[in-house]
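A quick write-up on the structure given underneath.
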Amino acid sequence: MAEPQYVSLAEVRDLLTAENAKRELLPSQKSAMTHAGAVCPLSKEQVDEMVAKLQELDFVTPAIAYKIADLRPKYSNDVRAIFSKERITLDGDMIQSVLDIVSSY
């Protein structure tokens, strides 16, 4: 089975914007494009860079890295919520390392 490919909100925004230039989008696609544009001020390159830095942390999986990049948590409880379904217990240093990376963007 193929490895899943994760896509950030910035990439969704860019893909839908490019497609909108070619043809009329469906209402659901327009809504997704508007939402992605409203909640993701970062460029695709910035998000890719953030995801790469997050994946350097040994406890962050690719799926979690993209979720963190899309949500951009500001508080430790937000980071805990993102990891709530993972089988890992985060300590204060782990949470702070995630917050430090996110805050640099």
Side-chain angles (χ1 to χ4, degrees):
M1 185 163 51
E3 183 77 21
Q5 181 180 357
Y6 301 101
V7 180
S8 67
L9 281 174
E11 189 170 355
V12 168
R13 178 195 61 222
D14 294 350
L15 289 170
L16 288 173
T17 301
E19 192 62 26
N20 190 38
K22 297 178 194 173
R23 66 175 176 89
E24 182 70 22
L25 296 178
L26 297 173
S28 60
Q29 293 170 322
K30 285 182 183 179
S31 177
M33 182 178 68
T34 303
H35 173 74
V39 299
C40 187
L42 302 176
S43 70
K44 180 187 177 309
E45 292 76 21
Q46 288 173 310
V47 171
D48 290 344
E49 187 178 314
M50 183 191 311
V51 166
K53 286 183 180 180
L54 288 166
Q55 287 182 331
E56 289 175 5
L57 302 174
D58 60 346
F59 59 93
V60 177
T61 63
I64 294 295
Y66 277 94
K67 191 178 290 189
I68 291 168
D70 286 343
L71 296 174
R72 295 184 332 275
K74 294 181 181 174
Y75 306 105
S76 59
N77 285 340
D78 297 337
V79 176
R80 283 191 185 93
I82 292 170
F83 281 90
S84 65
K85 291 187 177 183
E86 301 300 309
R87 294 182 178 217
I88 185 170
T89 303
L90 297 176
D91 62 29
D93 291 338
M94 296 164 92
I95 292 170
Q96 192 57 50
S97 62
V98 170
L99 292 174
D100 289 343
I101 290 171
V102 172
S103 69
S104 67
Y105 294 90

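No hydrogens, no waters, no symmetry mates; every other heavy atom, side chains included, goes into these values.
Residues passing the side-chain hydrogen bond (donor to acceptor under 3.5 Å, both in side chains) test with Q96 are D100, sequence neighbours excluded.
Residues L54 and Y66 form no side-chain contact, since every pair of their non-hydrogen atoms from C-beta on lies 4.5 Å or further apart. A 4.5 Å side-chain heavy-atom check between K44 and R13 finds every atom pair outside the cut-off. Within the 4.5 Å cutoff, the side chain of V47 has no heavy atoms near those of the E11 side chain. Taking the side chain as every heavy atom from C-beta outward, I64 and F59 never approach each other to under 4.5 Å.
Taking all atoms of both residues into account, the shortest heavy-atom contact from V51 to A69 is CG2-CB, 3.8 Å. A65 and Q55 make their closest contact through CB-CG, 3.8 Å (heavy atoms, listed as atom of the first residue, atom of the second, distance). Residues M94 and T89 come closest through the heavy atom pair SD-O, 3.9 Å. Closest of all the heavy-atom pairs between S76 and I95 is CB-CG2, 3.5 Å. Of all heavy-atom pairs between A32 and L16, the closest is CB-CD1, 3.8 Å. Residues L9 and D70 share a closest heavy-atom pair of N-OD1, 2.9 Å.
Between the side chain of T17 and the backbone N or O of D14 there is no donor-acceptor pair closer than 3.5 Å.
Residues V39 and M33 do not share a hydrophobic cluster, clusters being chains of Ile/Leu/Val/Met/Phe/Trp/Tyr side chains in contact below 4.5 Å. Residues L71 and I88 share a hydrophobic cluster, clusters being chains of Ile/Leu/Val/Met/Phe/Trp/Tyr side chains in contact below 4.5 Å. By the criterion of side-chain heavy atoms lying less than 4.5 angstrom apart, applied directly or through intervening Ile, Leu, Val, Met, Phe, Trp or Tyr residues, Y105 is grouped together with L57 in one hydrophobic cluster. Under the 4.5 Å side-chain heavy-atom criterion for grouping Ile, Leu, Val, Met, Phe, Trp and Tyr, Y6 is not connected to L15 through any hydrophobic cluster. Hydrophobic clustering places V79 together with L42 (ILVMFWY residues linked when any side-chain heavy atoms are closer than 4.5 Å, directly or through intermediates).
In this structure, L25 CG and S31 OG are separated by 11.0 Å, a value rounded to the nearest 0.5 Å. Note: S8 OG to I68 CD1 = 13.5 Å, rounded to the nearest 0.5 Å. Atom-to-atom distance recorded for E49:CD and S43:OG is 8.5 Å, nearest 0.5 angstrom. Atom CZ of R23 is separated from atom CD of Q29 by 5.0 Å, given to the nearest 0.5 angstrom.
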